Trainee: 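Sharing a structure below in structure tokens format, with a few things to ask.
All heavy atoms count here, side chains included; hydrogens, waters and symmetry mates do not. Source: prediction; values computed, not measured.
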Amino acid sequence: MATPVPLSPPPEPTLAPPPLPSSDGPRIFALGDSVMLGAAEALQSRIGNLEVDAAVSRQVSEGIGILSWRRDHGLLGDIVLVHLGNNGYFGEGQLEQLMTVLSDVDRVAFLTVKVPREWEGPNNGVINSAVAYPNAIVVDWYTKGTENPDFFWEDEIHLRPHGAQHYALMIAPQATTPE
């Protein structure tokens, strides 16, 4: 019988230091999957003090871990933008976990998903319920995307360059601290 090998903890994420806050506004952290990754350049050109952490096939559970790590290291920022749920189900319990981690953030902006998969409707239901939290708002990317199918490549998920620009334009107004 083989001796079990002890599992080691996952390595801590390797992160570049967050951008230094400037007099131009709050520090903003954006977390997403490949949709946000494809729009990262457009976002950074429209929003100052923005750090984007987006990756292909990112799941909500991975996002919770990243946000927890950043909170524990004082790296969340003043505003957090979250666009997760394109790659699988986003449950109510996961939303509760996210909002517990983000409870001290001034504003959390969630984007609904526009993904032609069976989890699109349920995930948007969960995302829309985030407005029950006092520091959360929802940006309706689903409706904007549905009204503008030309924003997307043939997969109906990932953004063409002009779609990425509209994505950034829609998110940019949320990158201010609440009054």
Side-chain angles (χ1 to χ4, degrees), residues 13-16 18-19 24-67 70 75-91 94-95 98-99 102 105 107-131 136-176:
T14 305
L15 299 171
D24 294 340
R27 205 171 41 128
I28 302 150
F29 178 67
L31 181 71
D33 55 29
S34 59
V35 174
M36 184 178 279
L37 181 62
E41 188 176 310
L43 285 167
Q44 289 173 322
S45 72
R46 297 220 178 264
I47 302 172
N49 293 330
L50 174 70
E51 180 184 357
V52 176
D53 183 339
V56 174
S57 300
R58 179 165 284 155
Q59 298 287 322
V60 175
S61 57
E62 182 184 354
I64 293 167
I66 291 166
L67 292 169
R70 292 183 70 89
L75 299 172
L76 282 176
D78 305 305
I79 297 171
V80 175
L81 308 172
V82 179
H83 193 190
L84 295 170
N86 287 301
N87 295 300
Y89 285 97
F90 187 159
Q94 290 176 311
L95 177 63
L98 278 168
M99 292 310 297
L102 300 172
V105 173
R107 173 179 285 160
V108 181
F110 286 93
L111 279 84
T112 56
V113 296
K114 198 283 191 195
V115 56
R117 302 287 187 272
E118 64 190 35
W119 52 81
E120 178 184 71
N123 286 5
N124 283 335
V126 169
I127 293 165
N128 281 312
S129 73
V131 298
I137 61 169
V138 174
V139 178
D140 190 4
W141 178 244
Y142 168 79
T143 297
K144 184 77 165 178
T146 301
E147 292 171 351
N148 296 279
D150 63 307
F151 285 179
F152 303 90
W153 295 107
E154 289 72 24
D155 68 1
E156 301 177 43
I157 301 167
H158 297 96
L159 299 169
R160 294 176 183 270
H162 71 281
Q165 292 299 322
H166 284 278
Y167 179 90
L169 281 169
M170 189 170 186
I171 296 170
Q174 308 318 318
T176 59

Trainee: For residues Val115 and Gly85, report the shortest heavy-atom separation together with the two atoms involved.
Mentor: CG1-O, 4.4 Å
Trainee: Going by salt bridge (charged side-chain N to carboxylate O under 4.0 Å, His left out), name the residues that satisfy it together with Arg117, two or more places apart in sequence or in a different chain.
Mentor: none
Trainee: Are any side-chain N or O atoms of His83 and backbone N or O atoms of Leu31, one a donor and one an acceptor, separated by less than 3.5 Å?
Mentor: no
Trainee: Pro26 and Ile79: which non-hydrogen atoms are nearest, and at how many Å?
Mentor: CG-CD1, 3.7 Å
Trainee: Locate the shortest heavy-atom distance separating Val105 from Asp78; write the atom from each residue and the value.
Mentor: CG1-O, 3.3 Å
Trainee: Taking ring-ring contact (aromatic ring centres under 6.0 Å, His included) as the definition, give me every residue that meets it alongside His166, ordered by chain and number, with sequence neighbours left out.
Mentor: Phe151
Trainee: Residues in side-chain contact (heavy atoms from CB on, under 4.5 Å) with Ala30, at least two apart?
Mentor: Met36, Leu50, Val52, Leu81
Trainee: Could you tell me which residues satisfy side-chain contact (heavy atoms from CB on, under 4.5 Å) with Glu156, sequence neighbours excluded, listed by chain and number?
Mentor: Lys114, Pro116
Trainee: Where is the tightest heavy-atom contact between Phe110 and Ala130, given as atom of each residue plus distance?
Mentor: CD1-CB, 3.6 Å
Trainee: Can you sort out the partners of Glu62 under salt bridge (charged side-chain N to carboxylate O under 4.0 Å, His left out), two or more places apart, ordered by chain and number?
Mentor: Arg58
Trainee: Sequence neighbours left out, what pairs pass side chain to side chain donor-acceptor pair (under 3.5 Å) with at least one residue falling in residues 141-150?
Mentor: Asp140-Thr143, Asp150-His162
Trainee: Just to verify, what does Val56 make a side-chain contact (heavy atoms from CB on, under 4.5 Å) with, not counting sequence neighbours?
Mentor: Ser34, Leu37
Trainee: Output the distance between atom CG (Asn86) and atom CD1 (Ile157), rounded to the nearest 0.5 Å.
Mentor: 6.5 Å
Trainee: According to ring-ring contact (aromatic ring centres under 6.0 Å, His included), who are the partners of Trp153, at least two apart in sequence or on a separate chain?
Mentor: none
Trainee: Name all residues meeting the ring-ring contact (aromatic ring centres under 6.0 Å, His included) criterion together with Phe90; count only those two or more places apart in sequence or in a different chain, and write none if there are none.
Mentor: none
Trainee: Which heavy atom of Ser61 sits nearest to which heavy atom of Gln94, and what is that distance?
Mentor: N-NE2, 3.7 Å
Trainee: List the residues meeting side-chain hydrogen bond (donor to acceptor under 3.5 Å, both in side chains) with Gln165, not counting sequence neighbours, and say none if there are none.
Mentor: Arg46
